[in-house]
Q: 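Below you will find the structure I want to go over with you.
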Number of protein chains: 2
Amino acid sequence: MTTVASRPAGLETRRAILDAALDLFSERSFDGASTRGIAELAGVTQPLLNYHFAGKEELWRAAVDDLFERLRTSMQHRLSGLRGVDEVTIAKLMVRHFVEFSAANPQLHRIIMQESKRAGARLDWMVETHVRPLYEYAVAMFERLAARGELAPVAPAHLYYLLTGAGATVFVMAPECQRLTGVDPFAPEFVAAHADLVVDLLIRATTKESV
Amino acid sequence: MTTVASRPAGLETRRAILDAALDLFSERSFDGASTRGIAELAGVTQPLLNYHFAGKEELWRAAVDDLFERLRTSMQHRLSGLRGVDEVTIAKLMVRHFVEFSAANPQLHRIIMQESKRAGARLDWMVETHVRPLYEYAVAMFERLAARGELAPVAPAHLYYLLTGAGATVFVMAPECQRLTGVDPFAPEFVAAHADLVVDLLIRATTKESV
DNA sequence: GTCGGATCTTATCGTTCGATCAGGTAAATG
DNA sequence: CATTTACCTGATCGAACGATAAGATCCGAC
């Protein structure tokens, strides 16, 4: 915690600001999160945000960049060393990792859902920079599974939003879930059970005979 | 449009304000929607909001009341005149109506998701006033279906958020869906197909043998 | 016809917002 | 030791926020 090292004290500060920004942006939306609130949560003064980032919009982009980067690296790490495994198993593993990541990082879909409600520059940037590559990857996987007869040839838009909606919503709405059901959706047992259900959902509910 | 009638000119204004408030609150969150923006969308001046409603918070509550009231009445209307129909059919019909209502009124889950991200007075009020009755009804239905062997005895929190997440997310995120996939999720064919998938998902993916 | 309450507007209040400026401190450099 | 540079803070700007006060308008009642 105490700044010890040579020069790069700014890197720790930058990280603290990014983490605080991610929390507040995801929880209170872009407009609802004030730069003063982010600064307070990060333990710094407000003008420091403008020293490290060009402005509020730029800070938001940096936080979102950082979040998607974590998703990519964690997914790659999870799937590394899987040579020769059949694609159905890989698909199940990816869905499972997606659910677990959504539980460990509820900010991801909170921000995505927030921005996706409204067309605009932030949504355009987020989609083209971060979401589309994931979507294209998922679509390609859907198509390979459908060609093998493992998945019904349902339009990818349906499958994609069924997957993200079913897998992430309960973690996005964790405070409501806690209050409404008394269940903590971040509890490891709940996350594991939910991942099982979503995997079953996507793989079994859309097998060829079913739809 | 032109105010014809006797006295209640205020009722039309009140309705215009409520509609505008619902659109902006759901799209830009409570903090992101300004009273001036709502007034402009409603075609009135900003102080008029404080004449018809006690304040921004009160306006938000009135708009949410109105929205949930529409959900209740439309559901009752859809289910009226269904005597002697077996419960599985009723359940399917309710899921279908839920998806269709979510498509016709994307504000519903936009507001629910927005407020559910963060504990607070607005979430508490919304859950206890509007969400809990729906949840209790759904849980009772899950339990009856499970007792008949039509549904696996999965914890209701999973089923509830699978249903709402799978059924509503694509409409909440309609602008992203449009830009990402080129598909308009509000198109009648898309809504119908999505409702089919969700019904299948909930009824078939959780039959006893599956989980 | 005029009176009274309901409806709506103009002007403005104090607060908070994001951003900037001028300066200050401390570590690296010569 | 003197100077420079990276990092950080206090003070403050104009704009936008939610709210209110004071008054205009209009319609039904008597």
Side-chain angles (χ1 to χ4, degrees), chain A residues 1-64 114-115 118 120-122, chain B residues 1-64 114-115 118 120-122:
Chain A
M1 278 304 156
T2 54
T3 305
V4 225
S6 51
R7 207 72 243 281
L11 286 186
E12 301 175 13
T13 306
R14 210 183 134 92
R15 171 114 305 272
I17 293 175
L18 280 177
D19 290 342
L22 195 61
D23 280 350
L24 280 193
F25 278 140
S26 65
E27 191 176 88
R28 307 171 92 123
S29 87
F30 182 83
D31 295 301
S34 74
T35 56
R36 284 173 174 81
I38 294 171
E40 185 181 8
L41 188 60
V44 299
T45 54
Q46 181 252 354
L48 196 58
L49 306 200
N50 283 80
Y51 173 76
H52 284 286
F53 304 92
K56 192 184 184 183
E57 196 94 18
E58 191 73 17
L59 172 59
W60 180 85
R61 286 202 199 188
V64 173
Q114 175 61 44
E115 296 303 324
R118 180 170 166 234
R122 283 200 300 276
Chain B
M1 274 305 157
T2 55
T3 305
V4 226
S6 52
R7 206 72 245 283
L11 286 186
E12 300 176 15
T13 307
R14 210 184 134 92
R15 171 114 306 273
I17 293 175
L18 280 177
D19 289 343
L22 196 61
D23 279 350
L24 281 193
F25 278 140
S26 65
E27 190 176 89
R28 306 171 92 123
S29 87
F30 182 83
D31 295 301
S34 74
T35 56
R36 283 172 174 83
I38 294 171
E40 186 181 9
L41 188 60
V44 300
T45 55
Q46 181 252 353
L48 196 59
L49 306 199
N50 283 80
Y51 173 76
H52 284 285
F53 303 93
K56 192 182 184 185
E57 197 95 17
E58 192 72 18
L59 172 59
W60 180 86
R61 286 201 197 188
V64 173
Q114 176 61 45
E115 296 302 325
R118 180 169 165 232
R122 283 199 301 275

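Residue numbers begin at 1 in each chain, while the letters A, B, ... track the order of the sequences.
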Q: Just how far, in rounded Å, is C1' of dC17(C) from CZ of F30(A)?
A: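 Spelled out: CZ on F30(A) to C1' on dC17(C) is 12 Å.
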Q: Once you apply a heavy-atom cut-off of 4.0 Å, does A39(B) come out as touching a base, just sugar-phosphate, or nothing?
A: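 It contacts nothing in the nucleic acid.
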Q: Please work out which of the three classes, parallel, tilted or perpendicular, describes the rings of F30(A) and W60(A), given edges at 30° and 60°.
A: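 Plane angle over 60°, so perpendicular.
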Q: Please tell me which of the listed nucleotides, dA19(D), dC8(D), dG10(D), lies nearest to the side chain of L48(A)?
A: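 Of the candidates, dC8(D) comes closest.
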Q: Could you give the CG-to-P distance, from L49(A) to dA19(C), as a whole number of Å?
A: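 Rounded to whole Å, this separation is 9 Å.
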Q: Check every atom of dC8(C), dG18(D), dT9(D) against the side chain of T13(B) and return the nucleotide holding the closest atom.
A: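 Closest of the options to the side chain of T13(B): dC8(C).
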Q: Compare the minimum distances between each of dC8(D), dA19(D), dC17(C) and the side chain of N50(B), then state the nucleotide with the smallest one.
A: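 Nearest to the side chain of N50(B) among the choices is dA19(D).
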Q: Can you check whether H52(B) has a side-chain N or O nearer than 4.0 Å to OP1 or OP2 of dC8(C)?
A: yes
Q: More than 12 heavy atoms of other residues, nucleotides or ligands under 6.0 Å from CD of E57(B): is that the case?
A: yes
Q: Does any non-hydrogen side-chain atom of Q114(A) lie less than 4.5 Å from one of Q114(B)?
A: yes
Q: Return the value, rounded to whole Å, for the distance between atom CZ of F53(A) and atom P of dT20(C).
A: 16 Å
Q: It should be established whether T45(B) places a side-chain nitrogen or oxygen under 4.0 Å from OP1 or OP2 of nucleotide dT10(C).
A: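 Checking dT10(C) against T45(B), no side-chain N or O comes under 4.0 Å of OP1 or OP2.
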Q: Does the side chain of T35(B) get closer than 4.0 angstrom to OP1 or OP2 of dG18(D) through an N or O atom?
A: yes
Q: Between R36(B) and R14(B), just flag the one whose closest nucleotide in DNA chain C comes earlier from the 5' side.
A: R14(B)
Q: Quick one: D31(A) CG to dT16(C) C1', roughly how many Å, whole number?
A: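 One finds 14 Å between C1' of dT16(C) and CG of D31(A), rounded.
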Q: Taking the side chain as C-beta and beyond, is there a heavy-atom pair between I38(A) and L59(A) under 4.5 Å?
A: yes
Q: Considering heavy-atom distances to DNA chain D, does Y51(A) or Q46(A) have its closest nucleotide positioned more toward the 5' end?
A: Y51(A)
